[in-house]
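Right, one structure below, let's go through it.
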Amino acid sequence: MEYSFNSNSEKGRVKALHQYNILDTHEEQDYDNIVELATLICDVPIAMINLIDENRQWSKAKKGIKGDEIHRSLSFCTHAIRDEAVMIVKDAQKDTRFLDNPLVLEKPFIRFYAAVPLSTKEGYKIGTLAVIDQKPKELNNSQLSSLRMLAKQIMTLLDLRLNIKKRKTAETKLQTLNKELRAQVKEKTSEITNIFERVSDAFIAINKDAHITYVNKKAEKMMNENSDKILGKKISDVFPKTVGSELKQFTQKASVTQQPQSYQQYYENSKRWFDNQIYPSPSGASIFIRDITEWKIAEQKENAEKYFSDSIINGLPGIFYLFDTDQNFLRWNKNFETVSGYSGQEIKKMSPLDFFDEKDKLRIQKAIHTTFEKGIVDIEAPFTAKSGHKIPYYFTGKFYDFEDTPCLLGLGIDITQRKQAEEKYRNIFENSLEGIYQSTIDGKFLTANPAMAHILGYDNPEDLIGSISNIENQLYKNPKDRLRLRHLLRRKNEVNGFELQVIKKNNDIIWVNINIRTIKNEEGYILYLEGILKDITKRKIAEEKLKHQFEELQKSNFELDRFVYSVSHDLRAPLASILGLINVAQTEKPTASQNKYWEMVRSSINKLEGFIRDILDYFNNSRSEIKIEEIDFYKILDEVKESLSYLQEIERLNIEIDIHDRVPFYSDENRIKIILNNLFSNAIKYQDLNKESSYFKLKIEITEKQAVINVSDNGIGIEDTYLDKVFNMFYRASENSKGSGLGLYITNEIVDKLGGTIKIKSEAGKGTSFLIIIPSLNKTTARILE
Ligand code: ADP
């Protein structure tokens with residue numbers, strides 16, 4: 001039997017079959033049910049679902065027949081799939097196509113065959129649903145349409161299977177793809193991760209919302225947190241607030257500008273410096289954080305060192321400069337700019353020679369040259385500032401290898417003051433009235449100023465220096481003075497106020513005063529002597545004269561004292577006899593007027609007597625030694641009263657005496673008596689006769705240490721203006737004074753001699769009081785007072 005079919009469509013058909021992937025699969029209930037149903041509907045014993053591939057017919061389901069497959073050449077279905085319609089073979093034994101078919105001739109002895117093709121959507125007939133009987137048969141229409149429906153059902157099942165398969169394949173594919181993708185992603189990620197882990201910086205990736213999506217190990221370590229705890233968090237929450245704010249700020253800037261940002265920051269907590277680089281991307285940003293602490297420390301150290309050397313250079317008192325052999329300035333200090341008035345930029349373009357006057361340039365150039373050749377040089381020259389102002393400077397230059405470049409390093413110091421001092425010294429030296437000189441230790445003049453020459457009678461310094469070759473022999477009147485001076489200079493470096501006589505050029509002798517000092521070198525060896533010499537001849541003469549006059553005065557004073565004393569002393573006896581004679585005369589019954597004259601004479605004599613007594617008291621106080629004895633104030637006061645009884649006004653005076661003497665008081669009785677006598681007599685003399693009554697109060701308080709004497713009266717008092725003068729010699733406070741003006745002077749002198757104090761208080765018209773404090777004396781204190 002021959003079969004022919006369109007190979008093209010056959011290929012597509014087989015492919016269509018294979019896509020269902022159903023061949024050689026297990027039996028399935030759904031298909032079995034259909035064949036069962038087909039047998040029932042068509043009332044046949046055999047039904048099958050056959051699928052036809054290239055060479056064979058394979059049964060997916062069957063009933064009433066055995067064997068899964070037959071060769072296609074035997075297959076009835078091969079014929080059935082050629083047509084759209086249901087193929088019906090009523091009796092195979094009568095059909096030429098099949099009558100010799102083994103399936104007809106042998107088991108299963110097919111006689112009736114009906115098959116509905118199983119058509120795919122594309123129209124490929126991949127198999128059939130066949131019903132078979134072993135006897136000839138016919139099918140009615142409903143059986144045929146049922147068969148068609150079942151064939152469709154089979155196709156639905158197959159399509160369903162195909163779909164599931166397709167989906168499954170797709171799923172698997174997808175899974176594989178997914179797997180592959182994941183593997184790829186993993187690979188890529190690990191690749192990137194490796195890169196990130198390998199980079200020495202801490203790396204943090206953030207998404208658009210600034211949530212952390214990745215951190216490398218370094219970052220974990222830096223933040224001291226596990227990545228699980230960091231991932232997904234907002235970056236500003238992970239970092240400390242202050243840091244966060246900076247990071248936030250720069251991250252935002254990076255995101256807005258889409259430009260990389262970088263900044264450095266010091267993390268106070270860890271005490272470390274970090275350099276943060278932020279690279280933005282549309283999906284977020286990558287942040288690289290590099291620990292730059294070591295580098296920062298080194299930088300700070302370098303800066304500190306630079307600052308240190310800069311501050312040393314800038315702290316130098318003068319100007320500092322460093323230039324190379326081409327005379328380009330490499331470094332200079334601030335002072336250089338200040339003094340020169342040029343800016344750093346200007347100095348950079350200048351040469352050292354630009355700072356000097358034309359006339360000095362050659363000298364400076366030579367000095368620079370010598371420095372580079374010999375190593376060190378110094379020079380003085382005016383430094384010219386930008387303003388043209390010239391400042392005297394002292395420069396030092398030293399060869400210096402600066403960063404492998406031969407350089408000249410130097411300092412310049414303003415010597416204006418020194419120059420001025422030199423000038424001043426020169427002026428002083430030239431114009432001084434005092435002789436200024438320098439001499440060698442063996443007696444030769446080195447220098448001398450005009451005054452020196454003049455004092456010594458020479459025409460000029462040259463004349464003096466040239467004429468004197470041996471100071472000791474030629475200048476000193478007494479050579480021993482030079483020895484004495486040398487001796488003093490050996491002990492001290494300086495001798496001041498040394499006075500001696502020197503011989504002038506014309507052999508006159510003059511007195512001079514020398515201040516001299518030795519000038520030594522570093523080893524202490526005397527280089528020369530430096531002296532200032534003054535002509536003191538006039539002073540010496542005046543001194544001599546004064547000395548002589550003083551001696552004369554002392555002598556005449558002494559004589560005067562003696563004279564006054566003896567006269568005073570000698571006068572007392574005749575005065576006493578005059579008073580006696582007056583008494584006698586008054587007993588001779590004189591007339592009233594005669595008596596009045598006698599009284600006037602008596603008063604005058606008494607006054608004279610008082611004056612003489614004051615003078616004698618004064619001399620006694622100044623000459624006699626303090627005689628210490630226990631003072632009996634009662635006895636003294638009795639004697640004082642007695643001696644003043646000749647004063648008539650004493651009658652009017654109420655005398656109040658109050659003495660507290662529980663302890664003995666030691667002093668000089670005579671002197672105490674003079675004090676009390678003076679105060680008492682004044683109270684009598686200066687009573688206010690206009691007042692109804694007058695008083696004199698004396699209060700003496702004695703302690704172991706001292707006697708406090710309070711004297712007061714209600715007399716005429718003393719005007720304020722005179723009060724501080726009443727203790728002066730011969731001072732009288734009013735016209736009406738009845739005394740010599742010596743009493744209070746002597747009183748003050750005596751109080752002073754006894755080591756005490758006296759104070760007066762007085763008011764004109766009211767009265768006067770004195771406060772006297774006298775210490776109780778012993779031998780030692782008395783000796784001190786003497
Ligand atoms: P005289 O010998 O003149 O009294 P004094 O030295 O004792 O000299 O006193 C100086 C002057 O002080 C007196 O001339 C008198 O004017 C005034 N004077 C001294 N004591 C008193 C007194 N108790 N009351 C008023 N005046 C006094």
Side-chain angles (χ1 to χ4, degrees), residues 564 568 571-572 575 602-622 636-637 640-641 643-658 670-700 709-754 756-772:
V564 173
S568 311
L571 272 174
R572 290 196 75 184
L575 287 178
R602 182 196 296 278
S603 163
S604 295
I605 297 293
N606 274 335
K607 206 171 171 181
L608 196 59
E609 198 341 272
F611 180 64
I612 288 167
R613 201 181 51 242
D614 282 349
I615 287 174
L616 290 174
D617 285 345
Y618 171 74
F619 282 116
N620 278 331
N621 182 49
S622 59
I636 292 177
L637 282 166
V640 167
K641 261 195 260 174
S643 72
L644 295 172
S645 57
Y646 69 93
L647 293 168
Q648 283 161 7
E649 294 93 335
I650 197 169
E651 305 296 333
R652 240 189 123 247
L653 206 60
N654 293 315
I655 300 162
E656 284 175 37
I657 291 170
D658 183 11
N670 263 329
R671 289 186 163 92
I672 298 281
K673 198 195 279 177
I674 298 168
I675 293 168
L676 292 175
N677 188 76
N678 279 325
L679 297 176
F680 204 169
S681 72
N682 281 352
I684 300 166
K685 286 190 281 183
Y686 304 112
Q687 282 182 65
D688 189 347
L689 299 172
N690 296 324
K691 283 177 187 153
E692 234 171 71
S693 66
S694 294
Y695 67 78
F696 171 70
K697 289 179 186 170
L698 173 69
K699 189 179 172 193
I700 301 173
I709 305 169
N710 247 301
V711 173
S712 58
D713 62 45
N714 62 343
I716 59 170
I718 305 165
E719 298 269 351
D720 253 4
T721 41
Y722 306 131
L723 209 54
D724 56 341
K725 296 186 186 111
V726 292
F727 293 110
N728 291 355
M729 192 187 255
F730 300 120
Y731 190 81
R732 296 174 200 167
S734 84
E735 300 279 304
N736 311 324
S737 288
K738 295 164 182 165
S740 58
L742 271 176
L744 287 181
Y745 171 73
I746 293 164
T747 304
N748 191 34
E749 289 286 300
I750 293 174
V751 170
D752 194 51
K753 182 102 182 176
L754 295 179
T757 56
I758 181 165
K759 279 180 185 154
I760 183 171
K761 263 192 189 167
S762 188
E763 207 177 318
K766 285 210 167 156
T768 307
S769 66
F770 292 89
L771 173 69
I772 300 150

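Below, all heavy atoms of this structure are taken into account, side chains as well, without hydrogens, waters or symmetry copies. Note that ligands are numbered from 1 as they come in the structure, with each ligand's atoms numbered from 1 the same way. Every value quoted in this text rests on a predicted model; they were computed, and no experiment measured them. Counting from 1, the numbers follow the sequence of the chain as shown.
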Is Phe696 atom CZ crowded by more than 12 heavy atoms from other residues, nucleotides or ligands, each under 6.0 Å away?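 Atom CZ in Phe696 is crowded, with more than 12 foreign heavy atoms closer than 6.0 Å.
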Would you check the N or O atoms of [X], main chain and side chain alike, for any that come under 3.5 Å of an N or O of ligand 1?
X	answer
Leu744	yes
Asp713	yes
Tyr745	no
Tyr686	yes
Ile718	no

Interfacing atoms of ligand 1 (cut-off 4.0 Å, heavy-atom, [X]):
X	answer
Tyr731	10 (C), 11 (C)
Thr768	22 (C), 24 (N), 25 (C)
Gly741	1 (P), 2 (O), 3 (O), 6 (O), 8 (O)

May I ask whether Val726 has any heavy atom positioned less than 4.0 angstrom from an atom of ligand 1? yes
Among all protein heavy atoms, pick out the one at the shortest distance from [atom]; state its residue, atom name and that distance to 0.1 Å.
atom	result
atom 16 (O) of ligand 1	Ser737 OG, 2.8 Å
atom 17 (C) of ligand 1	Ala733 CB, 3.8 Å
atom 19 (C) of ligand 1	Asn682 ND2, 3.4 Å

Which of parallel (below 30°), tilted (30 to 60°) and perpendicular (above 60°) describes Tyr722 and Tyr731?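 Rings of Tyr722 and Tyr731: tilted, 30 to 60°.
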If we check side-chain contact (heavy atoms from CB on, under 4.5 Å) with Ile746, which of these qualifies: Phe619, Tyr618, Phe727? Tyr618
List the atom of Asp688, the atom of Asn714, and the distance in Å for their closest heavy-atom pair. CB-O, 3.9 Å
Quick one: closest heavy-atom pair of Gly743 and Asn678, and the distance?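 Heavy atoms only, the tightest pair is O-ND2, 3.3 Å.
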Please check if any side-chain donor atom of Ser712 sits under 3.5 Å from a side-chain acceptor atom of Ser769, or the reverse. no
For Arg602, check side chain to side chain contact (heavy atoms under 4.5 Å, CB included) against everything at least two apart and list the hits. Leu579, Ile582, Asn583, Gln586, Glu599, Asn606
Under the criterion side chain to side chain contact (heavy atoms under 4.5 Å, CB included), I'd like the reasoning laid out for Ile709 against Ile675: C-alpha separation, chi angles, the key distance, then a yes or no. CA-CA 10 Å; Ile709 305 169; Ile675 293 168; 5.6 Å; no
Using heavy atoms and a threshold below 4.0 Å, how should the contact between Tyr722 and ligand 1 be classified: side chain, backbone, both, or neither?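 Neither; nothing of Tyr722 gets under 4.0 Å from ligand 1.
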N-O pairing of Glu609 and Arg613 below 4.0 Å: yes
